[in-house]
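In what follows, a single structure is set out as structure tokens and then discussed.
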Amino acid sequence: MCTPYGGDGSAADPRSLAEVDLDRRHVLRLGAAGGAGIVLSTALDSPVLAAKGRKRAYVIVLDGMIPGEIDSGLMPRLKALRDAGTAFPNARSLPIMETIPNHVMMMTGVRPRRNGVPANAIYDRRAKIHRDLDRPSDLRFPTVIERLRKQGFSTGTVLSKEYLYGIFGTRANHRWEPFPIIPISGHAPDLFTMQALHSMVAQHDPNLVFVNLGDCDRWGHTDITGTTLRALRTAALIQLDLQIGQFVAMLKRTGRWRNSLIVFLADHSMDWSRPDRVITLAPRLARDPLLAGRVEVSQNGGADLLYWTGPRARQAEAVRRMRRIARSTPGVLSTHTPKRLRLGARAGDLVVYCKAGWRFSDPAPISNPIPGNHGHPATAPIPFFLSGGHPVVRKRRSPARARTIDVAPTVGEFFGLRPPRGGYDGTSRLR
Amino acid sequence: MTAPGTPAPAADAAGTPDPSRRTVLRTAAVGAAGAVAVAAGPVGPAEAASGYFRHGVASGDPRPRRVILWTRVTPTRAATPGSGRGPRIQVRWQVATDRAFRRIVAQGTVRTGPARDHTVKLDARGLRPDTAYFYRFSYRGRTSPVGRTRTAPAHGALPKRVRFGVVSCANLEAGYFHAYRHLAKRGDLDAILHLGDYLYENGVGEYAMGQRNVVVRPHRPRHEMVTLRDYRQRHAQYKQDPDLRALHARHPFIVTWDDHELTNDTWAAGAENHNPGEGRFRARRAAAFRAYDEWMPVRMGPRTRVGDGYRLYRRLRYGRLLDIAMLDLRTYRSQQSRLTPTPIPNPDPILSRPDRTITGAAQMRWLKRVLRRSRAQWKIVGNPVMIAPILFPPLPNEITGPVTDLIGLLPADGLPYNADQWDGYTADRSELLRHLADHGITDTVFVTGDIHSAWVSDLPVDAGTYPLRSRSVATEMVCTSVTSNNLKDILGAPPRSASLVVEAAIQTLNRHVRYLDFDSHGYGVLDITPQRTQMDYFVTGARQQRRAGSRWSTSWQTLAGTQRVRAASGPVPTRRGDR
């Protein structure tokens, strides 16, 4: 049975039984906490509900955080954790530097070519629609979440964004459906996300919890003072630091800390663009007689994915033209084949990155009014460090280039999990 | 803080005749009659027994499994530097893991002769990464002084720390090389980064110490170096300075040149200090390059062979901790604007013309590729001239850029006081800094020489809107000169007096400049860890005195991931023993 978060993580009151939602999620929504409505769900078919052994791992994604922000003076608690743990200051996000693909890479340990999730948004050739990769079936590689479950460990997800909640589906034993959702941003504030994390730890104490904290990213996107004051984002950083501090304090109070590994990282960092620095490729492509009506543009913030929908025989020529047009467009940084970026076929025929301080807005210049932006190489640097009281966490700094793809191997090694078939593309950062 | 065991430095007494100077001049006069002018320092037993090896030994450009070893042999009395005389000879070299050469790990022979001024340069291979070695040469049964060197860590290694000495601008006529001597005492350095102006071209008294132009030690040859013979002789003279010789023997060098290795304010097809009476510029440059290639422990071409090319820009790697990109900012650059003399703010609109270059197209492509592809955490750029904008005032590029494009009356970034730096080539600077921003390249630190003063700066993409809108994408740490005149020397003012006004004015207008010292001579110690890169600034004492102390002045650091500088509380502790 679920028990809600009682403040110290050790006690809680029973809450109402939520409705059974078998058709979509096959989960049993078990509890709600307070007015905030902390509702946790537990998979009906989960073979294991209780944790196995003492080891605990928490992967906490500080969505959209820039590495230097930890040293800004706004985040003393996070800085102290980093300085006492194993830090990787050379860490980077991987293409496409967006939320969904990097969360998927974290949990699979393999590149999009193998896991099937190259971007937030794609053009679905079969359905002939543009859509987010937010369906459980979009993820085509076993995650460390479900592989741990198979080995008898319990797992949980506390993901603040609806599309993350969607794609990871019922892979974890326990999960939280983000609530309340802020309109437009599509995410739950960190305050509620952290309450849910506390609840999940208090009630189920899973071996692994995968957490996404979205405020930093979402306020970065929508903050119209972004290039100068970044007022909302600054407030979010301060709040996030407090929340992290409370979580760590709870782990220490309840004795979990000494058995815990916490992986702190971002999925990508953040860039800000001015209203006059917007790239709209669709009309430019449409002016080419070969490409007109035969190219779909899937916009991913600082990256556009271009899909040739014409006859296969003319694909090579079409890609050449797309590349030429894109490269001649002000604000475009570079073009790449999805194969070179190891993104797989779903990423289309050409990836176009923008320069720092720009953003894509397709199909029209008003399609993307958001100043905060990521997806392009400018947003690749991320914070990445290991914390926790478990002896595997040593105080050191490593110049190794850690990547989001390294999370699954790290967590897997922590629990003694064998690599997946074909091995990881990432590297364990415990050594 | 004063370094242990060293007296606090005394201020220069530029312009005041003193006994030490007269002593030196007498020494030079003796030297003029025959052998060597500046071999006035203490001579060790090995050197005394090694008449064939009068110019010491050196190593450079360390890689994980190889390092350049260098010496110069004087096989006969007549075979003086630049003479073109003397036999072709064979020299033996040895590398060992111990100073007594009981455990020799590499050895061989190499030929030299008058065609290469009897210099010896070879790439010793088959070494182990991140390892200290001793090396020596022998000729006709006599051995050279023993040098010590160190290989770089393996490419995949994760070093916890790498430490360099940082120096630039050592004018022999302006004083003694205290910085070299103090660095030679340290055993905790991986290498020395020499950022140029290793030697000066001037004739005696043309550019010496202070406002009164006191010649502390006269150059040889006495005239400005122009021919290959001149360049060889000047290199030989510098190599005989005991402090420089000690430093070369103690640590490997990673060098680049600035202008004075050739002549003042060099550009691709000329120089401020070159006139038609001195012959064709390209011939002079070829001579300077040739002598540099012969006399410096550096890889300049596809191989180590002298004359196989003069490409000096190159990358060196220290595992995953750092890459070093050493730049050549003289050979390919456009001519400097001379609308106003330095330091008068220069309103020449050509400064921001996109067809002007300081790097040349090929080097810029190479540098951008190195920075983009580097997997190392820190990207250290060995940068001969300052890249931080110093403008009066810095103008917001997003406003002035379009206006400049339209009317072309002013430089886009603002009016620089020194158009010989990157400020005179703003299109290249903008391209490079935007490249860092566009590709999310972090932890890039420019380590710079040339300007005879110490500077520490953030490097914003647009200095005119920094820090409110524009962000910093890298940092710059500029080391001061070993001896070459700085502002107080030129003004003839006491230290920390007149310069303070100028420093305050510059920092007020250029908010990215966080530290500036126009008055001191000395050196830097650059300490790099995964956590931060820190430069400790050390100030040395009176240049005209043979011995002078060294004291720590200040330390600045860049924390990983921040692209900004901040003051550090103190210097890194000196480690005991050799690395």
Side-chain angles (χ1 to χ4, degrees), chain A residues 65-73 79 82-83 86-93 95 97 225-230 266 268-272 274 276-277 302 331-334 353-358 374-385 395-403 431, chain B residues 153 155-162 317-323 368 371-379 397-398 402 431 433-444 458 461-462 465-473 475 528-533 557-564 566:
Chain A
M65 181 174 287
I66 297 170
E69 287 175 328
I70 297 180
D71 291 295
S72 64
K79 181 178 182 302
R82 183 200 63 189
D83 292 347
T86 308
F88 298 90
N90 195 22
R92 288 178 84 86
S93 172
M97 281 62 85
T225 68
T227 53
T228 51
L229 301 177
R230 302 181 188 176
H268 50 74
S269 59
M270 185 65 75
D271 184 29
W272 283 269
R274 296 196 325 231
D276 61 322
R277 291 192 172 171
V332 166
L333 175 65
S334 57
Y353 284 137
C354 72
K355 294 179 177 177
W358 291 74
H374 50 80
H376 48 310
T379 59
I382 53 169
F384 189 129
F385 61 94
K395 180 177 178 176
R396 68 184 173 99
R397 295 283 179 110
S398 170
R401 174 160 287 184
R403 302 161 299 170
R431 282 165 284 176
Chain B
H155 293 333
L158 302 172
K160 291 179 179 172
R161 178 185 299 276
V162 171
R317 303 166 70 179
Y318 277 75
R320 292 288 174 86
L321 183 58
L322 67 117
D323 279 353
K368 287 164 66 177
L371 293 169
R372 189 175 65 247
R373 293 185 177 174
S374 172
R375 291 177 61 83
Q377 182 190 341
W378 295 97
K379 276 67 69 175
N397 195 248
E398 57 195 48
E431 181 178 347
L433 297 184
R434 289 185 191 283
H435 180 78
L436 298 177
D438 288 340
H439 292 274
I441 299 166
T442 56
D443 296 340
T444 304
D458 299 333
V461 172
D462 185 353
T465 59
Y466 186 76
L468 195 58
R469 282 176 63 89
S470 183
R471 62 194 175 94
S472 179
V473 295
T475 58
I528 302 162
T529 70
Q531 186 175 6
R532 54 104 187 95
T533 287
Q557 61 182 206
T558 299
L559 293 180
T562 64
Q563 335 315 330
R564 299 182 75 156
R566 70 172 198 176

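Note that these values count all heavy atoms, side chains included, but never hydrogens, waters or copies made by symmetry. First the proteins, then the strands, lettered A, B, ... as listed; each starts at 1.
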Under 4.5 Å from any heavy atom of chain B - which part of A:S398: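 Interface part for A:S398: both.
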
Segment of A:A380 engaging chain B (4.5 angstrom heavy-atom cut-off):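 Answer is neither: A:A380 stays 4.5 Å or more from chain B.
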
Pair A:D71 + B:R566, salt bridge at N-O below 4.0 Å: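 Not counted as a salt bridge, because no side-chain N and carboxylate O are separated by less than 4.0 Å.
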
Salt bridge flag under 4.0 Å for residues B:R471 and B:D458: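 Answer for the salt bridge query: no.
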
Residue selection (most heavy-atom pairs with chain B, distance under 4.5 Å) from A:H376, A:R92, A:E69: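 The residue among A:H376, A:R92, A:E69 with the greatest pair count is A:R92.
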
Most chain B-contacting option - heavy-atom pairs closer than 4.5 Å, from A:P399, A:S72, A:S269, A:C354: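 So the answer, after comparing A:P399, A:S72, A:S269, A:C354, is A:P399.
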
Proximity breakdown for B:L158 and chain A, heavy-atom pairs closer than 4.5 Å: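 Backbone plus side chain of B:L158, per the 4.5 Å heavy-atom cut-off to chain A.
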
Region of B:S472 in contact with chain A, defined by heavy-atom distances below 4.5 Å: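 Looking at B:S472, nothing touches chain A.
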
Could you tell me whether a side-chain N or O of [X] sits under 3.5 Å from a main-chain N or O of [Y], the two making a donor and an acceptor?
X: A:D271; Y: A:H374; result: no
X: B:K379; Y: B:T442; result: yes
X: B:D443; Y: B:G561; result: yes

